[in-house]
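What follows is a single structure, written as structure tokens, with notes after it.
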Amino acid sequence: MSVKIVLDFKCQLLVFLAIFLIWGTSHAADTPVEENKAPHFVVVLDPGHGGDDSGQHLSPAVLEKDFTLKVAQDLKLRLTRDTDKTVWLTRVKDTAVSLKGRQSLANAKNAQVFISIHAADGSLKPQAVFVFRHRVIDDERLNDLTNKAKESNLPAIPWEMAQEPVQAQSGNLAKHIGKALESANWPQMESPVVYIQEVPITVLTGVKAPGVLVEFPLPNSPATKTYDLFCRQTSEALAAGINEFLGRR
Amino acid sequence: MAWSLRGRRASLIFIAAILLVMAVLGVIVYYFFWQPASPGGASGIADPKSQTITLFFFQAAEEKPLVKSFLLPEHLPFPEQIRCIIEKMTEKTLASEPTLWPAALRLRNVFLRKNGLLILDLDLGVTYNHATAAGELRVLRSLVATLTSNYPNVKRFKFLVNGLEQDTLSGHVNIFWPLSEKDLRP
Ligand SMILES: [Zn+2]
């Protein structure tokens, strides 16, 4: 009799544990931790050029590689004011980083946005800001790739196709950034025309995240104050475009 | 006396006939065989074996290119023709004339494959130009559009620098894979 009671007790314990486990799992599934937590975004900024590669000589005192780094650093500060973003730079000082290295960093950090920053001599008319998105290779080029890979007994390289799944998102990112740049207030310059163009861009080729390359026209020989203001305006406009994109993804 | 008068009249008629025949021949030659020099001809003397080459200069932001043309002697071998075209495109005679990176864009070699792939091997100087993305696009698009339009058998372009494959000319537009005119249309 006493044995029967013990077994019953064991059975009851097992049933209780099972119910607790089932309830626990279902409860956990109903109220995921993520739901209460704001989404976290990873943004990778790519200050163009660096090291031996100075980029364009924008004016006697300003090189493209310095402008791009200054804007990227300022933009990082702006974006990380909100705690929902982690921002990485492909270079943090005046060093040479290969174009492949920049793309690899974006993929290694699981970026959700990739922005490559560049500049042009703004004394040339008409002043224009270019927002380039990558043109994914066409079928003919894909055939070339596959044949080349077959010849050398290598698997077809997916690198060239990395932007294909996010093509539409890259287009959206370009639109948001273009819009933010159009409404920015630029010092010592009339509002530049913003062109969004789709061409094969090397630094975007292997990036899995939505990405664009933006090229700004810098006023010729700006005074230090104007230059600083221009850098701030540029990063402010970029931050607005990125935030808009992330909010509407 | 009568003979000499008749003889003189006969010789006058003879001379007049010759002049008439010459005039008729002149008219025939002028209308059927004479080819006036083209307005673009530098010497004013026609070179019946020359072709008009149309050059396209794209401004990165604009859809419509600026157009220029010149006469290229047809007897030149194909690589020389391409060299001449690139020289014309990089030549700057007037400040207002369109041009592509003077002095930076020099052709080392050119090969045309049977499948329509044109391999252009450029001098290393092209990479020292510190061009912008928009500038690279402008140059590549102008070159590709000009050569595609004048040589319909050329379908795609592979750019080499000093005989080697490169990712870009100055860090922006992808030239690693062969490009067609369509690939560079923004
Ligand atoms: Zn650049």
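Numbers restart at 1 for each chain; the letters A, B, ... are given by sequence-line order, proteins then strands. Only heavy atoms go into these numbers, but all of them, side chains included; no hydrogens, no water, no symmetry mates.
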Note to self: Over 60° means perpendicular and under 30° means parallel, so tell me whether A/His118 and B/His172 are parallel, tilted or perpendicular.
What the structure shows: perpendicular

So does [X] have more than 12 non-hydrogen atoms from other groups sitting under 6.0 Å from [atom1]?
{"X": "B/Lys68", "atom1": "NZ", "answer": "yes"}
{"X": "A/Asp52", "atom1": "CG", "answer": "no"}
{"X": "B/Arg113", "atom1": "CZ", "answer": "no"}

Checklist line | From CG (B/Asn174) to OG1 (A/Thr205), nearest 0.5 Å | finding: 4.5 Å

Checklist line | A/Asp53 side, atom CG; B/His130 side, atom NE2 - distance, nearest 0.5 Å | finding: 8.0 Å

Item checked: Side-chain donor/acceptor of B/Arg185 to backbone N/O of A/Val199, under 3.5 Å -> no

Next item on the list: Give the minimum heavy-atom separation between A/Phe132 and B/Ala133, together with the two atoms involved.
Entry: CE1-CB, 3.6 Å

Item checked: Contact check, side chains of A/Phe130 and B/Thr132, non-hydrogen atoms, under 4.5 Å -> no

Next item on the list: Go through the steps to decide whether B/Leu137 and A/Gln197 satisfy the test side chain to side chain contact (heavy atoms under 4.5 Å, CB included), and finish with yes or no.
Entry: CA-CA 11 Å; B/Leu137 179 62; A/Gln197 302 194 324; 3.6 Å; yes

Checklist line | Under 4.5 Å from any heavy atom of chain B - which part of A/Leu99 | finding: side chain

Notebook entry, point to check: With a 4.5 angstrom heavy-atom cut-off, which part of A/Glu198 approaches chain B: side chain, backbone, both or neither?
Noted result: backbone

